[in-house]
Every structure is written in structure tokens, then in C-alpha cells.
Amino acid sequence: MTAQRSILVTSALPYANGPIHIGHLVEYIQTDIWARFQRMRGHRCYYVCADDAHGTPIMLRARQEGIDPETLIARVAEAHRADFRDFRISFDNYYSTHSPENQRFARLIYERNRDGGHIVRRTIRQAYDPVEKMFLPDRFIKGTCPKCGAEDQYGDNCEVCGASYSPAELKNPRSVVSGAVPEERESDHYFFRLRDFEDALRAWTRSGSLQPEVAHKLEEWFAAGLQEWDISRDAPYFGFEIPDHPGKYFYVWLDAPIGYMASFQNLCDRTPGLVFEDFWGLDAEAEIYHFIGKDIIYFHALFWPAMLQGAGFRTPSAVYAHGFLTVDGQKMSKSRGTFIQARTYLDHLNPEYLRYYFAAKLGPGVEDIDLNLEDFSRRVNADLVGKVVNIASRCAGFLTKRFEGELSPQLAEPALFAAFVQAGEAIAAAYEGRAFSRAVREIMALADRANQYIDEQAPWIVAKDPAQSERLQGICSLGINLFRVLMGYLRPILPATAEAAEQFLQIPPLTWDDLPNPLLAHRIAPFRPLMTRVDPKKIEAMLQAAKADLAATAPQAKKPAREPIAPEISYEDFAKLDLRIVRILEAEAVEGADRLLRLQVDLGDETRTVLAGIRAAYDPKDLVGKLTVLVANLAPRKMRFGVSEGMILAAGSGGRELFLLEPDAGAKPGMRVR
RNA sequence: GGCUACGUAGCUCAGUUGGUUAGAGCGCAGCACUCAUAAUGCUGAUGUCGGUAGUUCGAAUCUACCCGUAGCCA
């Protein structure tokens with residue numbers, strides 16, 4: 001056995017302005033499995049996390065709800081804790097970045113870096129909302145993309161063409177907060193000189209602290225040259241005030257990772273024998289691992305180790321990034337109902353299913369994983385219920401009925417049991433290397449062997465011969481022992497099922513070192529189903545609920561009230577309208593008119609000129625050739641720019657919200673519409 | 001647009017340093033069994049290994065370009 005290790009693991013801090021969703025859970029489940037594995041191996045492993053409680057979005061959200069930020073983050077923290085508890089995420093401490101410990105560490109790290117000359121002050125120009133009297137983060141400015149002209153894009157990059165730019169380049173910029181046109185204003189900011197740490201970071205990067213693909217990514221950043229990092233924000237801001245500069249606050253990303261330390265400090269303060277310095281001190285022997293999503297590598301692999309180093313703390317042993325979750329091959333989508341909150345899942349399905357499914361797909365790399373809901377239920381049902389739990393189920397009945405639950409004093413087939421034990425090394429190595437999918441594959445291969453054994457031995461036939469009673473007991477006892485080893489291997493993934501199995505087996509919590517010792521002449525409890533099958537109806541119900549949740553939690557999506565229906569008319573009134581199919585032959589903007597397009601339309605045997613107020617919604621060249629509907633008997637109307645001989649039909653509120661009517665295929669110019 | 005990854009059977013994934021007929025599980029078909037939560041066992045079918053071009057005696061594996069997907073661009 002290897003020596004006992006002291007390990008601190010963290011997951012990234014969830015932001016305290018919204019609920020946990022199943023995408024978040026990939027990371028918490030991954031980290032939790034790893035932490036539980038380490039503990040099961042007999043190591044001292046602490047797992048801490050916290051809510052990331054600062055920043056502009058939280059400030060604005062609280063304001064919008066008419067409450068203090070403190071009230072908001074307390075409410076969100078409670079929901080987060082409940083979600084994690086129910087998914088059996090085994091945090092040793094779940095804290096908040098809005099805490100005295102975090103403030104103390106943030107100051108300390110700032111001051112030490114400042115005193116070391118790593119912080120500089122500079123004046124920058126930044127977008128300012130004159131109505132709200134606040135500087136605007138890039139994400140709080142929207143406008144037209146300077147590259148492709150797409151409307152309603154954020155201040156930092158365009159989701160349509162993928163271009164990145166600065167908010168100043170955005171056309172028609174608007175503050176998302178007030179709708180005002182942002183102005184540029186000057187402000188003093190503090191910058192962290194990342195470049196001071198370049199050599200150390202390069203060395204750290206190469207020391208095996210990062211996955212190879214992440215290290216490659218860092219090479220790119222080094223090559224591009226490390227830039228200074230803006231670590232301050234102006235009031236109003238929800239966060240920690242910078243000690244030597246009232247009215248300036250630490251940027252949320254400065255104090256977020258420090259939250260790992262603060263949470264751990266808080267744990268140390270109430271855990272006898274747990275010493276902060278043993279983990280974070282410069283010469284600490286303990287290991288520290290951060291599990292993060294691939295989107296925040298920059299902060300954890302560059303800023304964080306640099307800040308720590310500048311402040312005289314040790315750097316993390318490693319940072320492990322994982323990919324994102326897609327649902328049925330697509331990004332989680334609110335409209336498709338695949339944006340599933342943790343709570344919504346819990347309301348319908350067993351968390352062990354998701355823990356297993358994620359484990360079965362998680363590798364050590366940064367690839368995205370897909371939650372394919374068909375595959376999800378098939379896989380859980382086949383592997384866990386059909387294979388693993390079934391082993392216990394098919395042996396236990398004989399033991400209970402015939403032997404009062406008593407297991408044989410010897411193993412019927414020691415070689416088979418030994419093979420199961422021997423596989424443990426490879427499985428442990430897979431867990432250690434975060435290759436959970438490999439571990440699961442190996443475990444399921446063992447489960448197949450156990451089922452094969454039972455089939456070969458056919459205890460149901462042996463049971464018919466009273467003279468072979470001992471043999472029957474031996475077969476079933478071995479089956480139970482194989483099941484016990486399998487549950488031991490699965491324990492980090494399936495804590496609740498493992499506990500139920502331990503109760504069934506009447507044993508204390510399984511440890512890795514225990515596994516080679518079989519249960520002999522031991523009495524087990526009557527079998528009760530340890531896990532039930534995934535019910536597809538529940539998945540369907542969950543998806544429905546996910547859609548409903550979003551409708552409920554999206555008050556911003558102000559639904560325009562439907563325009564009231566006009567007063568009733570008779571058929572005769574309707575019949576007075578002569579609606580005709582026309583083909584648009586030409587379209588051009590009307591000089592001097594902001595809204596008008598001049599269209600030449602073909603009515604079958606005549607051509608008419610129509611002036612239509614659809615310029616904001618349609619590009620003239622896109623209209624040519626289209627079929628649409630014309631009110632053909634409308635009195636011609638004289639306008640400043642000419643005479644309009646009819647009106648074409650469009651739906652919508654006006655401006656860009658206009659949608660031309662188009663007939664189904666087969667309609668021809670001149671046809672009357674009834 | 002640049003960069004880092006990913007793209008292998010209907011689905012989810014393995015494929016070690018390029019080396020004989022490309023694998024597993026699920027699903028599907030057939031058979032067997034009936035102890036078990038319609039669970040299990042055996043047998044079988046299924047792939048131009050994203051595309052194109054190259055390097056090589058030999059490429060899923062190496063190179064270039066292209067297409068698609070994700071993230072990052074502080």
C-alpha cells in the first residue's frame with residue numbers, strides 16, 4: 001500500500017445568480033467521484049467549494065428584484081447546497097466568496113503582489129452608462145456587429161460571425177441596463193503584471209500540472225505575449241473594496257479562485273488537526289487539484305498560479321479541465337427543453353443514474369460529453385440493473401430461502417474471485433487518472449463474467465437436488481462476493497447504491513483495501529431492489545418540466561400582448577377585398593424615404609408599382625422573384641415619392657419585425673386569394 | 001479569422017510506438033434458459049474509421065488542405 005496522501009480538491013465556484021443545471025453537474029460529479037475514490041483508498045482528501053458571489057450581474061440581478069445582493073446570494077446558496085446534497089456531492093465545505101476569510105486572503109494576495117511590484121495603475125477608457133451612472137462590462141453592451149452587421153450582439157464578440165472586437169467598435173451600442181447610448185469615460189484601474197511570472201508559468205506548465213492539450217493551448221498564449229490583467233472595477237460594484245483605494249473594487253475573477261483558500265481556511269478553523277499551511281504553505285507536501293471547465297483555463301492556468309506565486313503561496317499540483325455537456329448532440333437549449341436544472345432532474349429521476357452515465361463517458365481529456373437521453377436510459381438499465389444489481393438479485397433468493405442468508409465458509413472458485421480482485425489495480429489506475437469511462441468499462445466486463453459464471457453453474461438446476469445443497473450455497477455465495485467487489489469498485493460513482501448494498505450485505509462501508517477479503521460464513525439481509533429501472537415517462541416528464549421552468553423563470557422575455565381582434569365583419573365585407581398573388585419583379589430603396597421600398601409587381605397580365613414600408617425588414621435584392629399577396633382593389637394612394645397602386649400583405653409590429661406573406665408552392669401571379 | 005481539441009458500426013465509445021480479416025457494450029436477428037427488477041447466456045449481421053490529396057512495402061493511426069462540432073482569443 002502506498003503512503004497516505006493529503007489532498008485538497010476543488011470544483012469551480014458556481015456563480016450565485018442562477019440555479020445549478022446538469023451542465024454544471026458534469027464537473028461536480030467528476031470531482032466528487034475522484035474525491036470519493038481517494039477517500040476510499042485511505043487518503044486524506046478534502047473537497048471544498050463555494051458560491052462565486054460577486055460582480056456586476058449579481059448586483060444588477062439583486063437590484064432588479066429589489067433586494068440586497070446579500071439576500072440574493074443567501075437565497076441562491078441555499079438552493080445550490082440543496083442541489084449538491086441531493087446529488088451526493090461530498091463537499092467537506094461549501095462556502096461563499098462573500099466571506100471574511102475571502103476578504104482577508106484577497107487583500108493579502110493583493111498587497112503582497114503590490115508590494116512585490118506586480119500591480120500597476122493606469123488610466124483606461126471604458127464604456128459608461130450615463131443613466132445608471134456606472135461603467136459597463138462588455139457583456140452589458142449590445143449593438144450591431146461591425147464585421148457582419150448582425151443586430152443585437154454583445155460588446156465583445158459576435159455570435160453570428162464569431163468576430164471578436166472591442167465595445168467601441170460596435171455600431172449603435174446600447175447599455176443593456178438602461179438602454180442609453182454608452183459614453184467613453186476615463187477611469188484609473190489596477191493591473192496585474194502577468195508577464196513578471198512568465199518563466200515560472202512556463203516551468204509550471206511543463207511540470208505535468210496540465211493536460212497535454214491544455215499545455216498546447218498555453219503555448220499559444222505565451223507566444224502571443226502575456227498581457228496585463230485588469231483586476232479592478234469601479235463603484236457601483238458588489239465585491240471587496242480595494243484597501244488603498246476606496247471606490248475601487250476587486251474584479252470578481254480576482255477573488256473567485258481565492259475562494260478555494262477561504263473555503264478551506266473556514267474548514268480548518270473548525271476541524272481539529274487540519275492546518276491551512278500544510279496545504280497552502282510554500283513547502284506544503286499536500287496535493288492541491290482544481291477541477292474546472294475548459295472555458296476558464298486562462299484564469300486557472302495563468303492568473304491563479306501567478307497570483308499565488310506573487311503572494312508567497314504554493315501553486316496547485318494540477319489543474320484538470322473537462323469539456324462541456326451537450327444534450328442529444330446539441331448545446332443545451334432553453335427552447336428545446338434541454339436546459340435542465342439540477343432540481344428539475346431530481347424531481348423526476350434518481351441522481352445515481354446521472355452520476356453513472358457521466359462516469360461512463362468521462363475521460364481525462366477536455367472533450368465535450370453528450371447526454372443522449374435514449375442512450376442514458378438504455379445504458380443505465382442494461383449496465384446497472386441488468387448486469388450488476390441483477391447478480392445479487394439472482395443469488396440472494398436461494399441464500400435467503402435455503403440458508404437463512406448464510407454465506408459459505410469457503411469460496412467455491414477462488415480463481416474467479418482472485419481475478420476480480422486483481423482487476424482492481426487497473427480500475428484504481430483509471431480512477432486516479434480520471435479515466436472514469438475506462439474504469440466503468442472494466443467493471444462492466446467483470447459484471448459480464450459474473451453473470452456468465454452463474455449461467456454456467458445454473459444454481460436453479462442445482463437447487464432441485466437436495467444432495468447438492470452445499471454446492472448451491474457455494475455458487476450463490478461466490479456470486480454475492482463477486483457482487484460485493486463490483487459494488488466496491490462502483491462505490492465512488494454510486495454512493496447511495498453502495499450504501500444500500502452494504503446494508504444488504506450487512507457490512508461496514510467498503511474500502512479499497514477490504515475488497516480482497518471475501519465474506520465467508522457471513523449472514524446477509526434479504527434482498528431488496530437496490531435500483532429500479534429508468535422510466536422513459538419520467539424522462540419525458542422531466543423535459544416537459546424543464547420547459548415549464550423556463551417559462552416561469554424568464555420574466556425578462558417580455559411577451560408583447562397580442563393585438564386585440566378587430567370588430568366582426570360580414571362575409572360581404574370580406575368579399576369586397578380583392579387579394580391577388582403577385583410576383584415581385586423589381587425592388588429598390590426609395591431615395592429620401594427611410595422606410596419605403598419601391599416594388600414592381602407582376603399581377604399576371606399587368607405590372608404595378610407598390611410603395612411598401614418594409615425597408616427595415618428586407619433587403620431589396622432578397623425580394624426579387626418572391627411571390628406575395630397584393631390588395632389589388634385598394635384605391636391608389638398618392639405619396640410624396642409617387643403613387644402606390646395597392647398594398648402587399650405582411651405580418652408583424654413594424655420596423656424590423658415584419659414578415660411578408662408568401663403563398664405555398666404552385667400559386668401563380670394573378671390568382672385571387674379567397 | 002487565429003489557436004486547441006474532437007469527427008470510428010443505428011446509439012455510446014475502445015483502438016497502445018503506422019503492421020495481417022477494425023473491436024466492445026447497447027440496440028437488432030436467431031437460439032437457449034427461467035434463479036433474477038421482461039433480467040441472463042450463446043450465435044450472427046452491420047462500418048469507403050468526416051472528405052480529398054500525399055508520405056510509406058503498409059495509414060483509422062503520420063502530413064497538407066477542406067467540411068462539421070466545441071471552447072478560447074484575457
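All values derive from a computational prediction rather than experimental measurement. Convention: sequence-line order gives letters A, B, ...; per-chain numbering from 1.
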**Q** Which nucleotide sits closest to the side chain of A/N390: B/G41, B/U37, B/A39?
**A** B/A39

**Q** If you check the A/F527 side chain, which of B/A70, B/G10, B/U37 turns out closest?
**A** B/U37

**Q** For B/G41, give the paired nucleotide (Watson-Crick: N1-N3 plus N6-O4 or O6-N4; G-U: N1-O2 and O6-N3; both under 3.5 Å), or none.
**A** B/C31

**Q** In terms of side-chain heavy atoms, does A/Y249 have a donor or acceptor partner in A/H54 at a distance below 3.5 Å?
**A** no

**Q** So what does A/G397 touch, heavy atoms closer than 4.0 Å: a base, only the sugar-phosphate, or nothing?
**A** nothing

**Q** With a 4.0 Å cut-off on heavy atoms, is A/G479 in touch with a base, just the backbone sugar-phosphate, or nothing at all?
**A** nothing

**Q** Can you find a side-chain donor-acceptor pair between A/Q126 and A/S187 that sits under 3.5 Å?
**A** no

**Q** Return the nearest nucleotide to the side chain of A/N372; candidates are B/A5, B/G25, B/U12.
**A** B/U12

**Q** Other residues, nucleotides and ligands only: do more than 12 of their heavy atoms fall within 6.0 Å of CD on A/Q506?
**A** yes

**Q** Between A/F324 (CZ) and B/U69 (C1'), how many Å, whole number?
**A** 14 Å

**Q** CZ of A/R441 versus C1' of B/A14: gap in Å, rounded?
**A** 5 Å

**Q** Please state whether the phosphate of B/G71, meaning OP1 or OP2, lies under 4.0 angstrom from any side-chain nitrogen or oxygen of A/K331.
**A** yes

**Q** A/Q227 has an atom CD; how far is it from atom P of B/C72, in whole Å?
**A** 19 Å

**Q** Select one nucleotide: of B/C13, B/G25, B/C11, the one nearest the side-chain heavy atoms of A/K387.
**A** B/G25

**Q** Nearest whole Å is fine: how far is B/G41 P from A/Q452 CD?
**A** 6 Å

**Q** Have A/R394 and A/N451 got a donor and an acceptor in their side chains that come within less than 3.5 Å?
**A** yes

**Q** Please report the distance, rounded to the nearest Å, between CG in A/L446 and P in B/G25.
**A** 14 Å

**Q** Considering only B/C72, B/G71, B/U37, which nucleotide approaches the side chain of A/S393 most closely?
**A** B/U37

**Q** Of A/F299 and A/R378, whose closest RNA chain B nucleotide lies nearer the 5' terminus?
**A** A/R378

**Q** Contact class for A/L302 vs. all strands (heavy atom < 4.0 Å): base, sugar-phosphate, or nothing?
**A** nothing

**Q** So, is A/R438 near the phosphate of B/G15, with a side-chain N or O under 4.0 Å from OP1 or OP2?
**A** yes

**Q** Please state the P separation for the pair B/U63 and B/U56 - nearest whole angstrom.
**A** 16 Å

**Q** Please state how far atom OH in A/Y453 lies from atom P in B/A39, giving the value in whole angstrom units.
**A** 24 Å

**Q** Side chain of A/D455, heavy atoms from C-beta onward: which of B/A5, B/G25, B/C35 has the nearest atom to it?
**A** B/C35

**Q** Side chain of A/D375 only, heavy atoms from C-beta on: which candidate in B/C11, B/U40, B/A14 is closest?
**A** B/C11

**Q** Could you work out which one of B/U40, B/G71, B/U37 sits closest to the side chain of A/K217?
**A** B/G71

**Q** Rounded to whole angstrom units, what separation is found between the CD1 atom of A/I461 and the C1' atom of B/U40?
**A** 13 Å

**Q** Could you work out which one of B/C35, B/G25, B/G71 sits closest to the side chain of A/R394?
**A** B/C35

**Q** Is the phosphate of B/A39, meaning OP1 or OP2, less than 4.0 Å from a side-chain N or O of A/R533?
**A** yes

**Q** Do A/E27 and A/H322 have side-chain atoms, one donor and one acceptor, less than 3.5 Å apart?
**A** yes

**Q** With both distances kept under 3.5 Å, what pairs with B/U69, Watson-Crick or G-U wobble?
**A** B/A5

**Q** Using both distances under 3.5 Å as the test, list the Watson-Crick or G-U wobble partner of B/A22, or none.
**A** none

**Q** Are there more than 12 heavy atoms of other residues, nucleotides or ligands under 6.0 Å from atom CD of A/E470?
**A** no

**Q** Among B/A36, B/U4, B/G71, which nucleotide has an atom closest to any side-chain atom of A/H216?
**A** B/U4

**Q** Are A/E540 and A/K537 within salt-bridge range, i.e. N to O under 4.0 Å?
**A** no

**Q** A/E213 CD to B/U4 C1': how many Å, rounded?
**A** 8 Å

**Q** Below the 4.0 Å mark, does B/C13 have OP1 or OP2 next to a side-chain nitrogen or oxygen of A/K361?
**A** yes

**Q** Using both distances under 3.5 Å as the test, list the Watson-Crick or G-U wobble partner of B/G54, or none.
**A** B/C62

